[in-house]
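Structure record follows, encoded as structure tokens.
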Amino acid sequence: MQHVSLTIADKLAFRPSMDKADILIAGAALNGLAAAVALAGPRALRPLDILILDQADPTKFARDSFDGRASAITASSRRMLEALGIWDEIAPHAEPMRDIIVTDSKPGAAARPALLHFGEGDHDGEASAYMVENRHLYAALLDAAIASPTIRLKTQARIASYDFGPGLARIATDAQDDAKGSLLIAADGRGSPARKAAGIETYGWSYDQSGIVTTVAHERPHGGRAEEHFLPSGPFAILPLTHDRSSLVWTERSEEALRIMALDDENFLAELSHRFGGHLGELSLAGPRHVYPLSMQIAKSFVGERLALIGDAAHVIHPIAGLGFNLGLRDVAALAESVSEAVKLGLDPGSGAVLETYARWRRFDTVMTAVATDGLTRLFSNDNSALRVVRGMGLRAAGSLGALKGFFMREAAGETGRLPKLLQGEAV
Ligand SMILES: Cc1cc2nc3c(=O)[nH]c(=O)nc-3n(C[C@H](O)[C@H](O)[C@H](O)COP(=O)(O)OP(=O)(O)OC[C@H]3O[C@@H](n4cnc5c(N)ncnc54)[C@H](O)[C@@H]3O)c2cc1C
């Protein structure tokens, strides 16, 4: 008889029976991993068995690559990461935003007067947000998922087919590996194949803008100040990172963004410096460049039979206010609490009642945030001089009216609406 030596991967691929878990998660990027870690938390009756799959191999992402982005982590998102036990790993890489200024100016302007100014004292002495490079968020979430005895991570496993309900969700990968669970959580990004397979449509539009993302080092310290300069082509955000570095989100018309991306480092840096200004001294590139097309997209429903959408699979918003991943964490917190309550009562975590609770909880907050973000984007991505005057008046008013400013600060800190327990720093 011929002997065939099987690797572990072969054994997995040839597993004869269907894999089974309580919860299946499609996509192991930031939101999928956060959902896995939140759902695997301590539970009175029984722990949930979670299987998370990704077509890529996230375990191979070098800690200094991932997607090149950095995220503004709001105060409530930080409390959630603390409750999940991963903030300690992230904290050394988190730069508190002590100050946020907003200007409406032209590139290369000698002076950029601040139209709106939020100091640290505006939020009870607590930094309203922390800037963290996504690679550090990713590494901490991945470490927590790998350490959990109830999370299984399958990489290089592209889910190719989906079957929803009535009692179970079933999936199969390209390699004919199949699995079933009470609930499939789609954390598979803006093009979500799971959402499409369930026939859930989206509302939305493209902004014909792209966000160029990179990191720069500068001669002088930023002092924790975030700057949002509304330039004629779109917002140019300078976001403070650790060690005298800043993350840039530089918005341009998509065609112009491609031209800029094609420049060599020297010319790229020259264009960047012209927009950045000279207030932090000499600049140097301190990371790769990435470009992201910018759009607004909201799924018509956040749930289907045995299916919950989270993160970019459910909603994509313009990064103008840096809220996208924070919205994803709010989804994760609401879903984990809805599922957890059901499991504690011995109920099915993928039942229609659980999914309805989740969808109702998240719909209003998401739509309000998306509408506000879209309005800001349209108001500020236009060089019309009348609009420029209106912008100035609007921002000066917001800067001087305490109550309105308080509202903006709470929204930026993710503290409006009914907060799920995780966002208040409590376990579910
Ligand atoms: C320029 C820019 C700046 C931003 N800045 C901020 C900020 O400051 N603050 C903030 O909160 N947010 C910010 N965001 C938003 C934030 O980055 C995203 O909302 C977040 O990264 C989305 O994560 P996700 O896990 O939902 O999706 P994704 O990162 O898109 O991950 C989807 C995963 O699903 C996997 N997948 C897809 N299809 C399959 C399949 N068939 N089978 C298996 N796996 C599959 C993919 O491989 C991928 O790993 C910004 C966005 C942009 C574009």
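Any value given below was found using the heavy atoms of this structure, including those in side chains, with hydrogens, waters and symmetry copies removed. Both counts, for ligands and for their atoms, begin at 1 and track the order of listing.
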Is the closest heavy atom of Ala157 to ligand 1 under 4.0 Å?
yes

Contact between ligand 1 and Tyr162 is defined here as a heavy atom of the residue under 4.0 Å from a ligand atom; is it met?
yes

For ligand 1, note which part of Val213 has a heavy atom under 4.0 Å away: side chain, backbone, both or neither.
side chain

State if Ala26 counts as touching ligand 1 under the rule of any non-hydrogen atom under 4.0 Å.
no

4.0 Å heavy-atom contact, Gly27 with ligand 1:
yes

Pick one of side chain, backbone, both or neither for how Ala187 approaches ligand 1, counting any non-hydrogen atom pair under 4.0 Å.
backbone

N or O pair under 3.5 Å between Tyr292 and ligand 1:
no

For the residue pair Ser77 / Asn326, report whether a side-chain donor-acceptor contact shorter than 3.5 Å exists.
yes

Do Tyr138 and Leu30 make a side-chain contact, defined as non-hydrogen atoms from C-beta onward lying under 4.5 Å apart?
yes

Within reach of ligand 1, part of Pro193 (heavy-atom separation under 4.0 Å)
side chain

Donor-acceptor contacts under 3.5 Å from residues 421-428 side chains, at least two apart:
from, atom 1, to, atom 2, distance (Å)
Gln424, NE2, Leu419, O, 2.8

Counting only heavy atoms closer than 4.0 Å, does ligand 1 sit against the backbone of Ala160, its side chain, both, or neither?
neither

Under-4.0 Å salt bridge between Asp265 and Arg289:
yes

